[in-house]
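See structure below.
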Amino acid sequence: MSTIHIHNSLSGKKEAFTPLKEGKVGMYVCGPTVYQDVHLGNCRTFTSFDVIYRYLMYQGFKVRYVRNITDAGHLVGDVDTGAEDKMTKAARLEMLEPMEIAQKYTLGFHKMMDVFNNLPPSIEPRATGHITEQIRMVKDILHNGYGYEVNGSVYFNTIKFAQDNDVYGKLSGKIIDDLLAESRDDLKNQDEKRHPSDFAIWIKAEPKHLQQWESPWGPGFPGWHLECSAMSTKYLGTEFDIHGGGNDLKFPHHENEIAQNCGACGQSPARYWMHANMLLLNGKKMSKSAGNSVMPEELFSGNNDFFSKAYSPMVIRFFMLQAHYKSTLDLSDDALLAAEKGYHRLMEAHQSLQGLSYSGQGNASKEDEEINTLLNQAFADMDDDFNTAKALSRLFTLVNKINSFKSGHISLDTITETTFNRLKKEFSDFIFNILGLLDETQGGGSGNGEVVNGLMDLVINIRQHARSSKDWTTSDQIRDKLNELSITIKDGSEGSTWKID
RNA sequence: GGUCGGUUGGCCGAGCGGUUAGGCAGAGGUCUGCAAAACCUCGUACAGCGGUUCAAAUCCGCUACCGACCUCCA
């Protein structure tokens, strides 16, 4: 097993990855708050971690991947402003029970994850299903002196926490002195909080509030951040390997999460923090609240103002994989057009490769060495902080080789049977198992595949006869008509192949 | 204002001290009945100005611009 290096947001450096327990990985990723449909930016983060999950498993790690569903407690504004939480607001607007809202958008989220071919996590805990654990954590925090109760709400005392240790602010790069010095003026406006940076861990519910639970401090609901602390602890322990999420969660969400975990059990939760960067649209962060977002369905249907045509889910996935997860990625029509072609080229090469059978004499040469090197490098790229962009560039160099084998430009004599089999297996593994792509390029809908293939074999056969007798009128007519049906015929030295565009 | 991060050829996007990233587009060629595909060759890019170094897109400093977070957001 090779050594994986991970960029740790906590240290700002790339570090060798050593799991707490050999061969096992505990990974927690912040999931969605299910109060609205997922937008494309959300999908990028989860796709990034899906590839990480897949790669760790491919390398033989036993991974417990926990990704939560937040269905309570996530406020729209600050507590003191009397803001309602997202679930309650959505419930009122749609005139549904909060749990109906949660159900609706959880199902939608799962469906979208499936469309993007993201594997489900090992455990997907919900905030509402872990109220007792969260109450317990609030008690622990109070017991340790890092919380205080005011009028039925409980706040986390960031100042005391920051004074007692040097943990707070480390992840997000906040300077504690600034925090402490922060605006004495602001303090005057605080009704309940002792300091602006303090945050609610338990929030008192008014009688009309739709989601509320009994607690030692009266009826209320848990604060945002708390569910992740409680659930990661429950399923992965007080200390685990990897914690991930979108870059925009670094502060305050993740910073506060660390504070809560430390405050409750004196242990910083994750050893490696990973942050996926934002998807950009028009050069700015995709954000629904800012009105700068595209919904996945709009992209798949082409029904939007940003793009010239519809793009399939796998084209989008491929597009995302062409950039490193830590970089921002700019979405544009030109970029997607390019990704679409690249994706097809990759898939067609894969089909060609699987269609080849070894007929060489097995003389290892420079060619043989190059192929092995490229495969090794692709894995090394993934080991180096999951660099899918770089790994893909190796695969495309292999696409060249594969096409050359197919057309006979390079003889299979130049590689050994072992290398040939390795290429066949690992090229496929990489595309499907590690990068999690699906081949959308072949066949029609499911179930029709055999019929379509059979028909196409027939058509191609008829055309081949026409070509043999130099009946160009017929052969060109077949090709043109198929073209109108968005089927492209490609004539090669060993017969013709077809694809649906 | 504070804290980070970025600025790479026509577009997207890797690289993070010395060796061709890659995809798309473009040019020329090979193959082919033609076309498409495929294959071969080619563009010689690193915001600007200084500095360190035998050597910088890569390190340091300054300037300009862009973005993220500091309010809810993956």
Side-chain angles (χ1 to χ4, degrees), chain A residues 9 12 14 29-33 35-36 38-49 74-78 81 83 85-86 89 169 172-175 178-179 182 196-197 224 244-253 255 275-280 283-290 293 318-319 322-324 326-346 348-349 352 377 381 387-397 399-404 406-410 467 470-472 475-476 479-480 483 488-493 496-497 499:
Chain A
S9 304
K14 215 181 271 180
V29 173
C30 287
T33 299
Y35 69 109
Q36 61 178 20
V38 281
H39 70 249
L40 207 61
N42 297 284
C43 297
R44 152 111 118 146
T45 296
F46 300 125
T47 301
S48 296
F49 285 102
H74 200 153
L75 296 181
V76 175
D78 202 11
T81 65
D85 80 79
K86 293 188 170 187
K89 188 178 179 188
S172 57
K174 299 279 168 219
I175 294 168
D178 292 354
L179 200 70
E182 196 174 293
S197 65
W224 184 46
N247 207 225
D248 51 357
L249 294 182
K250 227 187 237 179
F251 189 89
H253 186 59
E255 196 69 75
H275 289 95
N277 218 135
M278 301 293 101
L279 189 61
L280 268 39
K284 292 207 170 134
K285 176 184 169 180
M286 198 175 281
S287 155
K288 202 171 178 187
S289 58
S293 75
F318 175 85
F319 168 70
Q322 274 195 306
H324 186 78
K326 252 182 102 284
S327 303
T328 54
L329 175 60
D330 208 347
L331 198 62
S332 69
D333 203 42
D334 284 348
L336 286 182
L337 235 30
E340 185 172 53
K341 294 206 176 180
Y343 165 71
H344 284 148
R345 186 169 144 83
L346 186 66
E348 282 159 30
S352 300
Q377 283 174 327
D381 294 334
N387 197 330
T388 54
K390 216 169 165 189
L392 268 172
S393 79
R394 315 288 188 193
L395 295 187
F396 272 104
T397 308
V399 165
N400 263 164
K401 302 279 181 203
I402 290 164
N403 286 331
S404 294
K406 193 195 171 200
S407 66
H409 279 102
I410 304 177
R467 292 181 74 207
K470 297 191 191 271
D471 179 3
W472 309 127
S475 73
D476 287 354
R479 187 173 64 197
D480 295 344
N483 227 309
T488 306
I489 294 287
K490 291 188 280 187
D491 296 332
S493 55
S496 304
T497 55
K499 66 158 184 163

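The basis for the numbers below is simple: all heavy atoms, side chains too, and nothing from hydrogens, waters or symmetry mates. Labels below follow one simple rule: chain letters A, B, ... track the order of the sequence lines, proteins then strands, and each chain is numbered from 1.
- At a cut-off of 3.5 angstrom, counting only N and O atoms as typed in the model, there is no donor on one side facing an acceptor on the other between the side-chain of Arg345(A) and the base of C24(B).
- Of the two residues near RNA chain B, Leu329(A) and Ser172(A), the one whose nearest nucleotide lies more 5' is Ser172(A).
- Closest to the Phe251(A) side chain, of the nucleotides C69(B), G15(B), C12(B), is C69(B).
- The separation of G51(B) from G28(B), taken at their C1' atoms, amounts to 43 Å, rounded to a whole angstrom.
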Intermediate values then yes/no, salt bridge (charged side-chain N to carboxylate O under 4.0 Å, His left out), Lys174(A) and Glu255(A) | CA-CA 10 Å; Lys174(A) 299 279 168 219; Glu255(A) 196 69 75; over 6 Å; no

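- Taking every side-chain heavy atom of Ser289(A) into account, C73(B) is the closest of G23(B), C39(B), C73(B).
- What you find for Phe319(A) and Ala335(A) is that their closest heavy atoms are CE1-CB, 3.6 Å.
- The CD1-C1' distance, from Ile489(A) to A36(B), rounds to 10 Å in whole Å.
- Heavy atoms of Ala389(A) sit under 4.0 angstrom from at least one base atom.
- A sub-4.0 Å separation between OP1 or OP2 of C72(B) and a side-chain N or O of Lys86(A) is absent.
- The Lys284(A) side chain lies nearest to A68(B) when the options are A68(B), A74(B), G15(B).
- With C11(B), C39(B), A36(B) as the choices, the nucleotide that has an atom nearest any side-chain atom of Asp334(A) turns out to be C11(B).
- Relative to the side chain of Leu249(A), the nucleotides C39(B), A74(B), C34(B) differ in distance, and A74(B) lies closest.
- Side-chain proximity of Phe319(A) to the nucleotides C12(B), G22(B), A25(B) is greatest for C12(B).
- Distances from the side chain of Lys174(A) to the nucleotides G2(B), A74(B), G13(B) place G2(B) closest.
- Regarding contacts with the backbone of A74(B), every side-chain N or O of Asn247(A) stays at 4.0 angstrom or more from both OP1 and OP2.
- With pairs defined as Watson-Crick or G-U wobble and both atom distances under 3.5 Å, the stems of at least three pairs that touch RNA chain B come out as B:1-7 with B:64-70, B:10-12 with B:22-24, B:26-30 with B:38-42, B:47-51 with B:59-63.
- For the OP1/OP2 pair of A14(B) and a distance below 4.0 Å, the side-chain nitrogens and oxygens of Ser327(A) include at least one atom meeting the criterion.
- Contact between the side-chain N/O atoms of Asn403(A) and the OP1/OP2 oxygens of A38(B) is not found at any separation under 4.0 Å.
- Of the two residues near RNA chain B, Lys14(A) and Asp476(A), the one whose nearest nucleotide lies more 5' is Lys14(A).
- Side-chain proximity of Lys490(A) to the nucleotides A14(B), A36(B), C24(B) is greatest for A36(B).
- Taking atom NZ of residue Lys285(A) and atom P of nucleotide C73(B), one finds them 9 Å apart after rounding to whole Å.
- Side-chain proximity of Ser287(A) to A14(B), A35(B), C73(B): nearest is C73(B).
- Among the nucleotides G15(B), C73(B), G13(B), the one closest to the side chain of Ala323(A) is G13(B).
- Annotation: A25(B) and A38(B) have their P atoms spaced 9 Å apart (nearest Å).
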